[in-house]
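Okay, structure first, notes after.
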Amino acid sequence: MELVVQPLGRSFAVEAGDNLLEVLQANGVPVSYSCRAGRCGTCRCKLVEGKVLESAGDAKLTNPGGGSHVLACMSVLTESCVVEIPEPDEIVAHPARILKASVVAIEDLTHDIKRLVLKSAKPLSFSAGQYAILQFTPEHIRPYSMAGVADDDTLEFHIRKVPGGRVTGYVFDTLRLGDAVRVSGPMGTAYLRRKHEGPVLCIAGGTGLAPVLSIVRAATALKMTNPIHLYFGVRSSADIYGQAWLDELAQRNPNLHVHVVIATNEPGTRHRLGLVTDAVSADWSDLRGWRAYLCGAPPMVEAATLIAKARGIAMEHIYADAFYASPD
Ligand code: FES
């Protein structure tokens with residue numbers, strides 16, 4: 001049996017029962033991974049020819065593209081295959097860990113969004129744009145994106161209160177300074193592509209601003225010179241937050257252009273009105289050669305994906321880990 005790896009054009013002898021991720025790693029193939037357990041989606045690759053046996057996983061995969069994609073860590077080889085590794089020069093390999101952290105700040109950003117800052121004894125290695133699972137108690141567990149960069153000595157998250165939400169209710173009403181929080185991760189595939197030199201489109205809805213801030217903070221710290229157009233969509237002006245951070249980033253990074261768009265008509269507002277996706281649509285007719293990072297509620301991410309695609313961004317260059325507002 002043979003495994004062929006594109007676009008590297010390398011091939012290896014394999015045996016039935018081999019795990020795809022382990023084979024790739026044993027042969028020095030650059031492949032992203034984190035959890036090794038089918039949860040983070042980081043090791044996703046494309047099966048071009050052949051079949052694999054997929055062990056069960058519960059990956060939160062929202063990266064558009066569909067097709068015959070598999071999670072390498074959950075794939076058992078049963079016959080000769082051709083697989084395609086995404087962006088071999090943009091590998092992120094942060095082995096998933098579980099860290100003990102404590103709350104060092106919890107403060108209001110808006111009427112229903114809090115900024116939560118955690119400090120852990122050991123640092124969490126992650127790429128800008130990724131997320132982690134926060135466990136406040138054994139019954140209160142949710143994924144949230146990091147808003148900062150890995151070099152920070154704390155971890156920052158933005159948490160919106162879901163009406164009637166059990167976990168976010170706990171964070172808003174019960175969580176206190178000094179409380180312990182378990183952090184597991186990192187996870188997610190919508191991380192900053194550092195080798196890309198062309199323009200970048202970021203669309204954030206609500207607390208989707210957190211991973212977008214992480215991406216822009218990292219790109220600015222790395223002195224990347226890509227033009228970045230950041231669209232921040234909110235329901236009303238009361239939902240806008242992070243303006244001071246965005247202003248400060250725009251001062252440090254002359255290539256950053258921030259567009260705040262509010263959905264509700266407010267007389268006299270200085271902000272742009274309408275849906276954030278309509279604003280992007282109106283501003284750009286041709287986005288060929290761009291990369292897009294889309295972060296927010298699934299309907300927004302789906303609409304934004306369609307626009308990015310229609311304007312010429314290749315599907316594999318549209319990165320999205322949609323946030324799911326859990327009803328409980
Ligand atoms: Fe495969 Fe996380 S490493 S899904």
Side-chain angles (χ1 to χ4, degrees), residues 3 5-8 12 14 17-48 50-78 81-99 122-135 141-146 150 155 157 182-194 211 214-215 293-295 298 301 315-316 318-324:
L3 173 70
V5 182
Q6 304 293 9
L8 309 175
F12 315 104
V14 290
D18 284 352
N19 174 280
L20 177 56
L21 182 61
E22 286 170 12
V23 169
L24 295 172
Q25 290 183 319
N27 288 285
V29 173
V31 56
S32 299
Y33 74 96
S34 171
C35 71
R36 295 179 171 279
R39 289 199 316 272
C40 72
T42 320
C43 66
R44 183 175 185 260
C45 54
K46 186 172 176 184
L47 200 54
V48 181
K51 284 200 291 290
V52 296
L53 202 60
E54 285 184 69
S55 350
D58 59 351
K60 185 166 112 14
L61 277 182
T62 53
N63 220 17
S68 50
H69 286 91
V70 296
L71 298 174
C73 70
M74 304 304 286
S75 298
V76 177
L77 297 169
T78 55
C81 289
V82 180
V83 296
E84 188 178 304
I85 305 299
E87 304 177 277
D89 59 341
E90 293 276 12
I91 293 309
V92 304
H94 308 291
R97 351 180 18 187
I98 298 178
L99 299 175
K122 295 179 186 158
L124 180 71
S125 166
F126 68 93
S127 292
Q130 289 192 298
Y131 64 92
I133 309 284
L134 304 189
Q135 180 174 329
I141 304 170
R142 283 286 178 277
Y144 291 103
S145 294
M146 280 70 82
L155 295 165
F157 303 90
R182 273 159 63 114
V183 179
S184 34
M187 302 188 172
T189 56
Y191 53 83
L192 174 66
R193 268 56 178 184
R194 299 156 61 137
S214 175
I215 283 167
Y293 300 91
L294 314 175
C295 312
V301 169
M315 281 307 278
E316 63 268 28
I318 300 172
Y319 311 109
D321 288 317
F323 281 26
Y324 291 101

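Just so you know, ligand 1 is whichever comes first in the structure, and atom 1 is the first atom listed for that ligand. If you're wondering where the values come from, they're calculated on a predicted model, not measured in any experiment.
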Only heavy atoms of [X], strictly under 4.0 Å: list the atoms of ligand 1 that pass.
{"X": "Cys73", "value": "1 (Fe), 3 (S), 4 (S)"}
{"X": "Gly38", "value": "4 (S)"}
{"X": "Arg36", "value": "2 (Fe), 3 (S)"}
{"X": "Ser34", "value": "3 (S)"}
{"X": "Cys43", "value": "1 (Fe), 3 (S), 4 (S)"}

- [ ] Classify the contact between Cys40 and ligand 1 as side chain, backbone, both or neither, using a heavy-atom distance cut-off of under 4.0 Å.
- [x]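 Contact part for Cys40 vs ligand 1: both backbone and side chain.
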TODO: Tell me which part of Arg39 gets within contact of ligand 1: side chain, backbone, both or neither, using heavy atoms under 4.0 Å.
DONE: backbone
Task: Passing candidate, side chain to side chain contact (heavy atoms under 4.5 Å, CB included) with Ser32, options Val92, Leu21, Ile85 - done: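 The side chain to side chain contact (heavy atoms under 4.5 Å, CB included) with Ser32 is passed solely by Val92 among Val92, Leu21, Ile85.
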Open item on the list: For a 4.5 angstrom cut-off between non-hydrogen side-chain atoms, does Leu134 reach Phe157?
Closed with: yes
Task: Distance (rounded to the nearest 0.5 Å) between Ser214 OG and Phe126 CZ - done: 5.0 Å
Task: Straight-line distance of Glu316 CD to His69 NE2, nearest 0.5 Å - done: 8.5 Å
Task: Lys NZ or Arg CZ of Arg142 over Tyr144 ring: under 6.0 Å, within 45° - done: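 No, Arg142 does not sit over the ring of Tyr144.
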Open item on the list: Between Cys35 and atom 2 (Fe) of ligand 1, is there a contact where an N/O/S atom of the residue lies under 2.8 Å from the metal?
Closed with: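 Under 2.8 Å: Cys35 contacts atom 2 (Fe) of ligand 1 through an N, O or S atom.
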Task: Pair Glu90 + Arg194: basic N to acidic O under 4.0 Å - done: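 Looking at Arg194 together with Glu90, the answer is no, because their closest N to O distance does not fall below 4.0 Å.
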